2 protein chains.
Amino acid sequence: MPRTDDSTPHDSTPPAPPRRSDATRAAILDAARERFATDGYERATIRAIARDARIDPSMVMRYYGNKEGLFAAAVTVDLELPDLTALPREEAGRALVTHFLDMWEENDVLTALLRVGATNRAGAERMQGIFRDQVLPVARQVCPDPEQAPARAALAATQLLGLALTRYVLRFPPTVALPRGEVVAWLAPTLQRYLTAPSP
Amino acid sequence: MPRTDDSTPHDSTPPAPPRRSDATRAAILDAARERFATDGYERATIRAIARDARIDPSMVMRYYGNKEGLFAAAVTVDLELPDLTALPREEAGRALVTHFLDMWEENDVLTALLRVGATNRAGAERMQGIFRDQVLPVARQVCPDPEQAPARAALAATQLLGLALTRYVLRFPPTVALPRGEVVAWLAPTLQRYLTAPSP
DNA sequence: TGTGTAGGCCAACAAGTGTTGACGCGCTCG
DNA sequence: CGAGCGCGTCAACACTTGTTGGCCTACACA
């Protein structure tokens, strides 16, 4: 069975020999990300993805094993969360909101993951992993009591994912119409409170 | 083509003659709600729903026309939002959070709708309709400036739907573990601020 | 009691799914 | 120059999906 890794920067072990098919592999991943983002897991068919990438569906199988493997290879998320210890503590909320908005607007992997996570158990578990490995550690940086970090990070996640859901997936008109600056102004204090304010 | 209405209370026109097949129709709708809630639209197959209801798949077609019709009949949402004018204005946030938690915990129609809305355009439009027809009017009751009601209601929706998403769909462990009282204590001030505080 | 009709099941359909294996071209290296 | 292998296509598989039409049964009403 061929390797299923791609050219994402977090590769390990061998320095990855360049292959003649790298362009095709990348085209498949691009098409897959877009289809997963707009259609969700079930309706993003391998045939449609292959058509978008202008290759035969069997290539997808050869390079990524099966549909699950394709999803795993196409949807890898690095939130690139900032180091909150480098900021004044009272700016954590604002920094998180702006960073999340940036991420969601430039990257449809996040939309893909949210759409898939809502209907697919594997997708939901993937999101749990991202929360645990990427969001929680950042929350620990600013939470007063580290024991409360999971609960506080979870609260922050409800607000941020709720924003993403209504703005980028469900597309509620008033949420979409909200200017970016207003979103930041409203949500930053909420996140700041969830992360740093004393328990109510 | 047979009627596709069910026994929901908002029927209109004729007083709905009782049919011998009412029990079957109800069993189909029950099974459909559960399947849509756990599997989403695509993976909730008519065959599986029929098996749950212990009838033949063709019955579903006869009574509800097609899968879309079944979804429309099975997933009708009435949020039963309280009349906020009857409360002191500063309790609106708390009232909304407690009411939403009640609704989500007793009713898997809401989970079904959220799962479907995330991957299905018709589902998303249905949610937009509920927001417009049920949430917005309530927001108008408490918003200082009615012109700001859509934006404020949208902000409230991000927080409430984000809670529902992480707690009942994605099932983030720390969000699920959060005691109901703590959820209310943390979210009520947020909603209160979104709905009634002066613009930031 | 006879009959029409509503309720229900069975079998089949066309279309689309993920997945597999055989086959051919063309580059690369000996 | 020739052999090998990576890249890609074609055709088919087994299966599931939504959907349809025919047939049988049993109830309700004449």
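Chain A is the first sequence line, chain B the second, and so forth, proteins listed ahead of strands; every chain is numbered from 1. Just so we're clear, the structure is a prediction, and the values are computed from it rather than from any experiment.
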* Taking only residues two or more places apart in sequence or in another chain, which ones pass ring-ring contact (aromatic ring centres under 6.0 Å, His included) with A/Y41? ->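 So A/Y41 forms a ring-ring contact (aromatic ring centres under 6.0 Å, His included) with A/F36, A/F71.
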* Asked: Got a sec, which pairs hit salt bridge (Lys or Arg N to Asp or Glu O under 4.0 Å) with one end in residues 190-200 of chain B, sequence neighbours left out?
  ->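 Those involving residues 190-200 of chain B do not exist here.
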Specify the separation, in whole Å, of atom [atom1] of [X] and atom [atom2] of [N].
X     : N     : atom1 : atom2 : value
B/I55 : C/dA6 : CD1   : C1'   : 15 Å
A/R19 : D/dC5 : CZ    : P     : 18 Å
A/M59 : D/dT9 : CE    : C1'   : 9 Å

Which pairs of donor and acceptor atoms, one on a side chain in residues 116-126 of chain A, lie under 3.5 Å apart (sequence neighbours left out)?
{"from": "A/N120", "atom 1": "OD1", "to": "A/A122", "atom 2": "N", "distance (Å)": "3.0"}
{"from": "A/N120", "atom 1": "OD1", "to": "A/G123", "atom 2": "N", "distance (Å)": "3.2"}
{"from": "A/R126", "atom 1": "NH1", "to": "A/V75", "atom 2": "O", "distance (Å)": "2.3"}

Contacts of type salt bridge (Lys or Arg N to Asp or Glu O under 4.0 Å), residue [X], not counting sequence neighbours:
X      : result
B/D30  : B/R33
B/D52  : B/R35
A/D108 : none
A/D78  : none

* **side-chain hydrogen bond (donor to acceptor under 3.5 Å, both in side chains) against A/R180, all qualifying residues, sequence neighbours excluded** =>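 Listed in chain order: A/D102.
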* Asked: When every nucleotide of nucleotides 12-23 of chain D is labelled 5' to 3' by its protein contacts under 4.0 Å (heavy atoms), B for base, S for sugar-phosphate only, - for none, what sequence of letters results?
  -> B----BBBBBB-
* Asked: What one-letter contact string describes nucleotides 25-30 of chain C from 5' to 3', where B marks a base within less than 4.0 Å of any protein heavy atom, S marks contact via sugar-phosphate atoms alone, and - marks no contact?
  -> ------
* Under 4.0 angstrom between A/T24 side-chain N/O and D/dC7 OP1 or OP2 ->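 It does not, given that no N or O in the side chain of A/T24 lies less than 4.0 Å from OP1 or OP2 of D/dC7.
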* For DNA chain D, determine which residues of residues 111-120 of chain B have any heavy atom closer than 4.0 angstrom to one of its atoms, and list them numerically. =>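 Of all residues in residues 111-120 of chain B, none places a heavy atom under 4.0 Å from DNA chain D.
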* Asked: Do the non-hydrogen side-chain atoms of A/L114 and A/W104 ever get within less than 4.5 Å of each other?
  ->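 When only atoms from C-beta onward are counted, A/W104 and A/L114 do touch, with a gap below 4.5 Å.
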Pairs of donor and acceptor atoms involving the side chains of residues 80-90 of chain B, under 3.5 Å and at least two apart or interchain, shall be tabulated with distances.
{"from": "B/D83", "atom 1": "OD1", "to": "B/T85", "atom 2": "N", "distance (Å)": "3.1"}
{"from": "B/D83", "atom 1": "OD1", "to": "B/T85", "atom 2": "OG1", "distance (Å)": "2.6"}
{"from": "B/D83", "atom 1": "OD1", "to": "B/Q141", "atom 2": "NE2", "distance (Å)": "3.3"}
{"from": "B/D83", "atom 1": "OD2", "to": "B/T85", "atom 2": "OG1", "distance (Å)": "3.1"}
{"from": "B/R89", "atom 1": "NH2", "to": "B/V142", "atom 2": "O", "distance (Å)": "3.3"}

